[in-house]
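Heads up, the thing below is written out as structure tokens.
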Amino acid sequence: MTIRVCMGSSCYLKGSYRVVEKLRELQKDYNFKLYGSLCFGRCSQGICVEIDGRLFTGVSPENVEELVKKVLQSA
Ligand code: FES
């Protein structure tokens with residue numbers, strides 16, 4: 001699984017770096033590659049995260065673990 005977190009300015013200001021910190025913690029329990037990404041063009045709906053090519057909006061440090069689990073289960 002590959003996860004890309006938007007590092008564009010809008011998502012960054014909304015705290016995308018905190019999502020990255022949370023994902024780094026989750027890498028201890030889940031197997032995925034983590035990258036930063038340029039803006040996905042959905043700034044108003046950020047924080048945006050792409051998982052295996054699927055774009056998710058409204059991601060937060062609080063809901064990202066649930067999202068990762070959900071995507072893993074549906075894989
Ligand atoms: S800054 Fe994240 S989608 Fe544009």
Side-chain angles (χ1 to χ4, degrees):
M1 186 160 91
T2 300
I3 301 183
R4 296 179 198 278
V5 180
C6 181
M7 290 288 122
S9 47
S10 177
C11 289
Y12 185 82
L13 287 173
K14 289 178 186 171
S16 57
Y17 55 95
R18 287 174 50 230
V19 171
V20 171
E21 283 168 6
K22 181 68 185 178
L23 285 168
R24 282 186 186 276
E25 280 174 33
L26 294 177
Q27 276 184 315
K28 294 170 191 157
D29 300 319
Y30 302 95
N31 185 24
F32 60 84
K33 290 178 186 153
L34 181 60
Y35 299 99
S37 171
L38 297 175
C39 174
F40 289 115
R42 303 277 290 273
C43 313
S44 62
Q45 297 161 53
I47 299 167
C48 296
V49 172
E50 189 187 77
I51 305 180
D52 287 344
R54 281 173 67 193
L55 187 64
F56 296 90
T57 58
V59 180
S60 70
E62 291 74 29
N63 69 14
V64 71
E65 180 169 6
E66 200 183 311
L67 176 63
V68 168
K69 280 187 198 166
K70 217 163 75 180
V71 173
L72 278 173
Q73 280 167 6
S74 67

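Start at 1 and go down the list; that is how both ligands and their atoms are numbered. Please read these numbers as outputs of a predicted model, since none were measured by experiment.
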Gly46 near ligand 1, heavy-atom distance under 4.0 Å? no

Taking Leu26's backbone N and O only, do any of them form a donor-acceptor pair with Asp29's side chain (distance below 3.5 Å, no angle check)? no

Do you know which of Cys48, Cys6, Ser37 makes side chain to side chain contact (heavy atoms under 4.5 Å, CB included) with Leu55? Cys48

So does Glu66 have more than 12 non-hydrogen atoms from other groups sitting under 6.0 Å from CD? no

Mind checking whether atom 2 (Fe) of ligand 1 has an N, O or S of Cys43 under 2.8 Å? no

Out of all atoms in ligand 1, which are within 4.0 Å of some heavy atom of Gly8? Include the element for each. 1 (S)

Evaluate whether atom CZ of Phe40 has more than 12 neighbouring non-hydrogen atoms of other residues, nucleotides or ligands under 6.0 angstrom away. yes

Near atom 2 (Fe) of ligand 1, is there an N/O/S atom from Cys39 that is less than 2.8 Å away? no

Please check this pair: side chain of Lys70 against backbone of Glu65, looking for a donor-acceptor N/O pair closer than 3.5 Å. no

Numbering the atoms of ligand 1 from 1, which are under 4.0 Å from a heavy atom of Arg42? 3 (S)

Charged N to carboxylate O below 4.0 Å: is that the case for Arg42 and Glu50? no

Give the atoms of ligand 1, by number and element, whose distance to some non-hydrogen atom of Ser10 is under 4.0 Å. 1 (S)

Per-atom contacts, ligand 1 versus Cys6 - under 4.0 Å to a heavy atom: 1 (S), 2 (Fe), 3 (S)

